[in-house]
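Data block below; observations after.
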Amino acid sequence: MAEASSVSKSAVSRKFVAMTETALSDLLTADLSGLDLVAIMIDGVHFADHLCVVALGIGIGIDGVKHPLAVVEGSTENTTLVRGLLVGLRDRGLDVTGPILAILDGAKALTAAVREVFDHPVIARCQIHKLRNVGDHLPEKLRGPVEKRIRQAYH
């Protein structure tokens, strides 16, 4: 008969933290010089009391593979924070000299940072964010019909 053993919650927690730190370190130091991107998406994501700005690259291949590029923590989506994130990508080898589609949520800070770091960005507003922002300014009963019309216009 096999002997049973148990692992404490704190041991599991320590192992999880160590593995997460390693994975995050690998992500934030990866060489990006071989990556050929057609688009980059940048957005702030809230986790409890924290805001993380995330950069996700979309490859040029037919498969449209998404590549996590970077994440930084800050209090707001400000130009300085996002510029630092983008300069970090450039320093890790990401080509910022060619045209790239930057998909943003409409925040002026994100747009300013992208224009400062990339030589030839094409800025596009994320359709999901646009739908949310428009809906937030409408009475509840109009949100569905207006969203439907906006989606039809995008097609």
Side-chain angles (χ1 to χ4, degrees), residues 7-137 146-148 150-155:
V7 179
S8 70
K9 289 180 186 179
S10 59
V12 171
S13 179
R14 282 191 302 275
K15 177 81 171 175
F16 176 77
V17 168
M19 291 174 66
T20 303
E21 285 176 347
T22 300
L24 183 60
S25 176
D26 291 348
L27 169 72
L28 298 178
T29 59
D31 178 23
L32 303 175
S33 60
L35 205 53
D36 194 7
L37 299 180
V38 294
I40 185 168
M41 297 185 295
I42 305 165
D43 193 17
V45 181
H46 291 274
F47 297 101
D49 296 334
H50 302 275
L51 172 75
C52 292
V53 176
V54 178
L56 184 66
I58 302 174
I60 198 166
I62 193 72
D63 53 6
V65 172
K66 295 180 181 90
H67 304 272
L69 301 173
V71 60
V72 292
E73 184 179 5
S75 56
T76 64
E77 290 180 352
N78 63 67
T79 303
T80 303
L81 180 77
V82 179
R83 183 187 318 108
L85 179 143
L86 297 176
V87 167
L89 296 178
R90 182 185 65 201
D91 292 348
R92 289 171 39 213
L94 185 67
D95 181 11
V96 297
T97 62
I100 190 163
L101 175 62
I103 304 164
L104 311 174
D105 65 4
K108 291 177 184 176
L110 297 181
T111 301
V114 166
R115 290 190 195 282
E116 288 178 25
V117 176
F118 287 90
D119 292 349
H120 305 285
V122 176
I123 309 289
R125 178 80 185 268
C126 173
Q127 294 178 9
I128 301 298
H129 283 90
K130 183 68 172 181
L131 283 170
R132 286 184 198 152
N133 292 346
V134 169
D136 287 347
H137 291 88
V146 170
E147 181 178 330
K148 184 177 178 180
I150 292 173
R151 287 186 186 275
Q152 288 171 344
Y154 284 144
H155 293 290

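Small disclaimer: the values here were computed from a predicted structure and weren't measured.
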When rounded to the nearest 0.5 angstrom, what is the spacing between CZ in R90 and CZ in R83? 10.5 Å

Below 4.5 Å, heavy atoms only, C-beta onward: do V117 and V87 meet side chain to side chain? yes

Once rounded to the nearest 0.5 Å, what's the spacing between atom CZ of R92 and atom CG of L32? 4.0 Å

Would you name the heavy atoms of A102 and V114 that are closest together and state the gap between them? CB-CG1, 3.8 Å

For V71 versus C52, what's the shortest heavy-atom pair and its separation? CG2-CB, 3.7 Å

Close side-chain approach of T76 and L81, heavy atoms under 4.5 Å: no

Before giving the answer on side chain to side chain contact (heavy atoms under 4.5 Å, CB included), spell out for L86 and V96 the whole-Å C-alpha distance, their side-chain angles and the decisive distance to 0.1 Å. CA-CA 9 Å; L86 297 176; V96 297; over 6 Å; no

Rounded distance [0.5 Å steps], CG in L110 versus OG1 in T79: 8.0 Å

I103 versus A39, closest heavy-atom pair with distance: CD1-CB, 4.4 Å

Distance from L69 atom CG to M41 atom CE, nearest 0.5 Å? 9.5 Å

When you look at V38 and L101, which way does the side chain to side chain contact (heavy atoms under 4.5 Å, CB included) test go after all the steps? CA-CA 6 Å; V38 294; L101 175 62; over 6 Å; no

Would you check if the side chain of R125 reaches a backbone N or O of D105 as a donor-acceptor pair within less than 3.5 Å? yes

Between atom CD of E77 and atom CG of L85, what is the distance when rounded to the nearest 0.5 Å? 11.0 Å

Which residues share a side chain to side chain donor-acceptor pair (under 3.5 Å) with E73, sequence neighbours left out: H50

Under 4.5 Å between any side-chain heavy atoms of L89 and I40, yes or no? yes

So how far is it from D95 CG to D36 CG, rounded to the nearest 0.5 Å? 8.0 Å

If we ignore hydrogens and angles and just use 3.5 Å, is the side chain of T20 paired with the main-chain N or O of F16 as donor and acceptor? yes

